[in-house]
2 protein chains.
Amino acid sequence: MTIRVAIVDDDELIRIGLRAIVGAQPDLEVVAEAGDGADVPDIVARTRPHVLLIDVRMPGIDGLQATRHLLATSADPPRVLVITTFENDEYVYDALRAGAAGFLLKRARPAEMVEAIRVIAAGDSVLFPAAIRRLAGAYGGSGDDRVRAARLTDREAEVLRLMATGRSNPEIAEHLVVGVETVKTHVRNVLAKLGCRDRTQAVIAAYESGFVNPNGLP
Amino acid sequence: MTIRVAIVDDDELIRIGLRAIVGAQPDLEVVAEAGDGADVPDIVARTRPHVLLIDVRMPGIDGLQATRHLLATSADPPRVLVITTFENDEYVYDALRAGAAGFLLKRARPAEMVEAIRVIAAGDSVLFPAAIRRLAGAYGGSGDDRVRAARLTDREAEVLRLMATGRSNPEIAEHLVVGVETVKTHVRNVLAKLGCRDRTQAVIAAYESGFVNPNGLP
DNA sequence: GGTCCGATCCCTCTGCCGGGGGAGGCCCGG
DNA sequence: CCGGGCCTCCCCCGGCAGAGGGATCGGACC
């Protein structure tokens with residue numbers, strides 16, 4: 001099956017280069033191109049790409065915003081591969097946090113680029129699976145049973161996620177920059193809503209209901 | 001040309017393991033070892049390694065600070081490969097932002113580790129997806145790694161499994177028909193072997209390493 | 001304007017959890 | 001035979017967790 005690729009970059013030269021590289025592969029196909037992040041929802045809806053190559057830095061709607069919006073609204077979003085010039089671009093990390101599946105350096109060799117696209121399209125492997133899933137899960141809506149049924153508030157969900165990283169109450173407090181007492185209140189509410197006796201049971205519920213996931217897989 | 005590798009980790013066991021793995025490769029050579037991030041500038045200046053393996057989490061100067069300092073002061077710094085236990089460790093993001101070239105999971109297989117070192121040493125191919133893919137590599141399906149590496153006894157494994165069902169120590173004791181003190185001893189041993197602070201972290205490790213799984217699947 | 005809810009913080013108090021010891025019985029293997 | 005794992009149980013103790021109260025503030029909603 002050919003992998004459907006969409007390219008979004010404000011620099012036409014980059015688009016031409018990427019199109020040439022991607023188009024030369026028998027198993028890859030460029031199904032859409034755009035020069036503005038604002039077009040992303042439209043082209044995704046129309047062409048249903050498997051992989052979306054998008055520049056983090058663009059005038060108007062940048063890759064970060066586009067990614068976030070996409071994962072928040074699309075029922076079956078493409079895998080997002082962020083394009084960047086500098087490997088230490090701070091936006092990249094924000095993009096990854098927003099749910100991007102990986103990133104690609106503009107100066108990477110063509111063979112590396114297409115390999116990255118294939119890897120990303122395969123979906124189940126790659127970069128920071130757990131972290132990405134967690135973040136994507138926070139924005140997008142993939143299924144929890146018990147946790148979703150608990151109707152946690154944003155803050156409570158955040159606290160549960162931190163509990164599921166093994167943090168103690170003081171550590172969560174530090175991370176959220178609030179008092180320990182506040183965290184304890186949230187924890188108490190989470191436990192009550194989930195019907196759990198202690199934080200360990202809550203973390204188990206989080207795993208079992210897919211609120212958090214081990215090493216990958218939706 | 002042999003790739004010169006320096007290893008910095010506060011855990012001597014990890015250092016021994018890495019040294020054994022790296023040293024066994026004909027094209028890799030361990031030129032320095034340290035247990036404290038404070039030693040990094042010194043060993044880098046003295047031994048001029050190509051690749052620096054460093055643990056993100058260490059008492060005193062951690063990998064993050066060491067990396068930052070190194071890249072800020074060294075004229076020709078080594079490529080930094082960060083060592084971490086959890087792939088979603090928040091420090092990892094910070095380390096990458098600080099200039100690390102990639103990260104290595106402690107539970108990765110030796111072949112994946114040396115491959116990662118070679119990729120990093122090659123320098124220009126800093127493509128994360130490709131590198132990470134080799135690291136995360138064959139992860140899926142059956143991978144106890146962390147838990148298996150802990151070499152738990154039968155009883156300890158049984159206790160961990162019960163911990164992962166959300167049982168308290170008294171409940172585990174009742175289930176196993178032994179005293180609570182016995183259970184506490186097993187729990188203590190499990191925590192020590194897994195390097196966890198509390199039972200919640202142990203349960204997370206059990207899920208993340210596939211020792212137990214949500215809802216099904218091998 | 002009043003009500004409800006979410007987020008924040010504070011207090012007390014019970015108790016299990018987890019660390020650090022030690023100690024006896026068992027079976028296996030050198 | 002005797003050492004070493006493993007399982008079992010015991011004591012002491014500091015500390016955080018979790019229950020149960022109550023309080024303030026802001027925004028959303030009516």
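A note on names: the letters A, B, ... follow the listed sequences, proteins ahead of strands, and every chain is numbered from 1.
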Using a cut-off of under 3.5 Å, enumerate the N/O to N/O pairs linking the protein to nucleotides 11-17 of chain D.
from: D/dA17; atom 1: OP1; to: A/N169; atom 2: N; distance (Å): 3.1
from: D/dA17; atom 1: OP2; to: A/N169; atom 2: ND2; distance (Å): 3.2

Where do N or O atoms of nucleotides 23-27 of chain D meet protein N or O atoms at under 3.5 Å, pair by pair?
none

Next item on the list: For side chain to side chain contact (heavy atoms under 4.5 Å, CB included), just list the numbers for B/V40 and B/T67, CA-CA rounded to whole Å, side-chain angles, deciding distance to a tenth of an Å, and then say yes or no.
Entry: CA-CA 9 Å; B/V40 168; B/T67 300; over 6 Å; no
Next item on the list: Begin from the C-alpha positions of A/T153 and A/R155 and carry the test side chain to side chain donor-acceptor pair (under 3.5 Å) through to its verdict.
Entry: CA-CA 5 Å; A/T153 66; A/R155 207 54 161 169; over 6 Å; no
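Using a cut-off of 4.0 Å between Lys/Arg side-chain N and Asp/Glu carboxylate O, B/R197 and A/E171 are scored as salt-bridged.
The nearest heavy atom of DNA chain D to A/A192 and to B/T185 marks one nucleotide each, and the one closer to the 5' end goes with B/T185.
Look at CD on A/Q201: it is 15 Å from P on C/dC16, rounded to the nearest Å. For the pair A/L176 CG and C/dC9 P, the interatomic distance rounds to 10 Å; values are reported in whole Å.
Within a 6.0 Å radius of CD in B/E29, more than 12 heavy atoms belonging to other residues, nucleotides or ligands are found.
Checked against C/dA7, D/dT8, D/dG18, the side chain of A/E156 finds its nearest nucleotide in C/dA7. Listed nucleotides D/dC9, C/dG19, D/dC7 differ in distance to B/T153; the shortest reach to its side chain belongs to D/dC7.
Contact detail for A/P170 and A/V180: the closest heavy-atom pair is CA-CG2, 4.2 Å.
Taken to the nearest 0.5 Å, the CZ atom of A/R79 stands 13.0 Å off from the CG atom of A/L53.
Comparing the end axes of the helix from C/dG1-D/dC30 to C/dC28-D/dG3, each fitted to five base pairs by superposing C1' atoms of four pairs onto the next four, gives an inter-axis angle of 50° (nearest 10 degrees).
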